[in-house]
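Below is one structure, written out as structure tokens; comments come after it.
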Amino acid sequence: MTLLIIAPGERLEWWQREFTRAAPDLEVRSWPDVGDPADIRYALAWKPPAGELAKLPNLQAVLSMGAGADHLFVDPTLPDVPVTRVVDLYLTAGITEYVLMHVLRYHRNQPVFAAQQREHVWDDRARELRQADERRVGVMGLGELGRDAVAKLAALGFDVAGWSRTAKDIPGVACFDGPDELAPFLARTEILVCLLPMTAQTADILNRETLAQLPQGAYLINAARGGHVVDADLIGALASGQLAHATLDVFREEPLPGDHPFWDHPQITITPHNASITDPRSVVRQVAENIRRIDAGEPLLHLVDREAGY
Ligand code: GLV
């Protein structure tokens, strides 16, 4: 019974070490050293090259190395086997830290002070004095990640709303759902956080029309997928003042090409898709458990609904 890891090279040794510790009986190989493809029963993958998984004739499941599985579904040859994703305390905590850091940064008007510092300007009037309960934060996506983020934003005292595909009921959070409630959700959201899964319904969801539904001078934090945002529409919204600033962890093309206009944009903060990183120390346990379940014919943890796309 062999697991194949198909993922960026730099963390392969770490994964190997953790599997040796957590599942010593499991044989683990790292792509491209596949050996006999017929040996491979399970694949743990992050952005695998298209066509590689289809070369494994005895594959029984694909385990996404991340919270999202969209990186697997872009491959039209993805074998018709169960797909799981990661749901992990550390992964969720990382995203929530990122969201809190940038919401607080916007709430406290930090981009203005950063610009003042560059100009050696001391002007404390620039900070608009608002209490957290007067700041309306909205989170798109109320799954594992979104629910943790809204709970902690609410605990900090923010006026928090959430928007999701299907109706949710979260204490202390104004919940909106479905296409009809997107406009009222956006209209009340001064700091917008995107934590949506990437699906056919959510692709390009932050575009000229939807960004225009936010209050003027709103902020955007995208820690979901680059494909949620229409790049040119974001730049247009920043230029017109419709948006004051954006923080982006994810991009349509990654690494972000060196000549992309986001890099030097004074109203954009960029991080290299590391808002949260899958931690092998905790995630090997759920991978090993899912392998045990596959072998025992039991229902898998964190199974992805192919129809829904997440
Ligand atoms: C990262 O983007 C993930 O899906 O975990």
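Note that ligands are numbered from 1 as they come in the structure, with each ligand's atoms numbered from 1 the same way.
Ring orientation note: the planes of His107 and Phe158 are nearly perpendicular, at an angle over 60° on the 30°/60° scale.
Protein heavy atom at the shortest distance from atom 5 (O) of ligand 1 is Ala67 N, 2.6 Å.
The distance criterion of under 3.5 Å between nitrogen or oxygen atoms is met by Gly68 with respect to ligand 1.
Ion pairing between Asp231 and Arg252 holds under the 4.0 Å rule for side-chain N and carboxylate O. A salt bridge does not link Glu13 with Arg11: none of the charged nitrogens is closer than 4.0 Å to a carboxylate oxygen. Salt bridge annotation for Arg281-Asp88: absent, with no cationic side-chain nitrogen under 4.0 angstrom from a carboxylate oxygen.
Heavy-atom separations between Tyr310 and ligand 1 are all 4.0 Å or longer.
The closest heavy-atom contact to atom 4 (O) of ligand 1, among the options Glu254, Lys47, His273, Arg225, comes from Arg225.
Between Tyr106 and His102, the distance from one ring center to the other does not fall under 6.0 angstrom.
Using a 4.0 Å cut-off to heavy atoms of Trp46, the atoms of ligand 1 that qualify are 1 (C), 2 (O), 3 (C), 4 (O).
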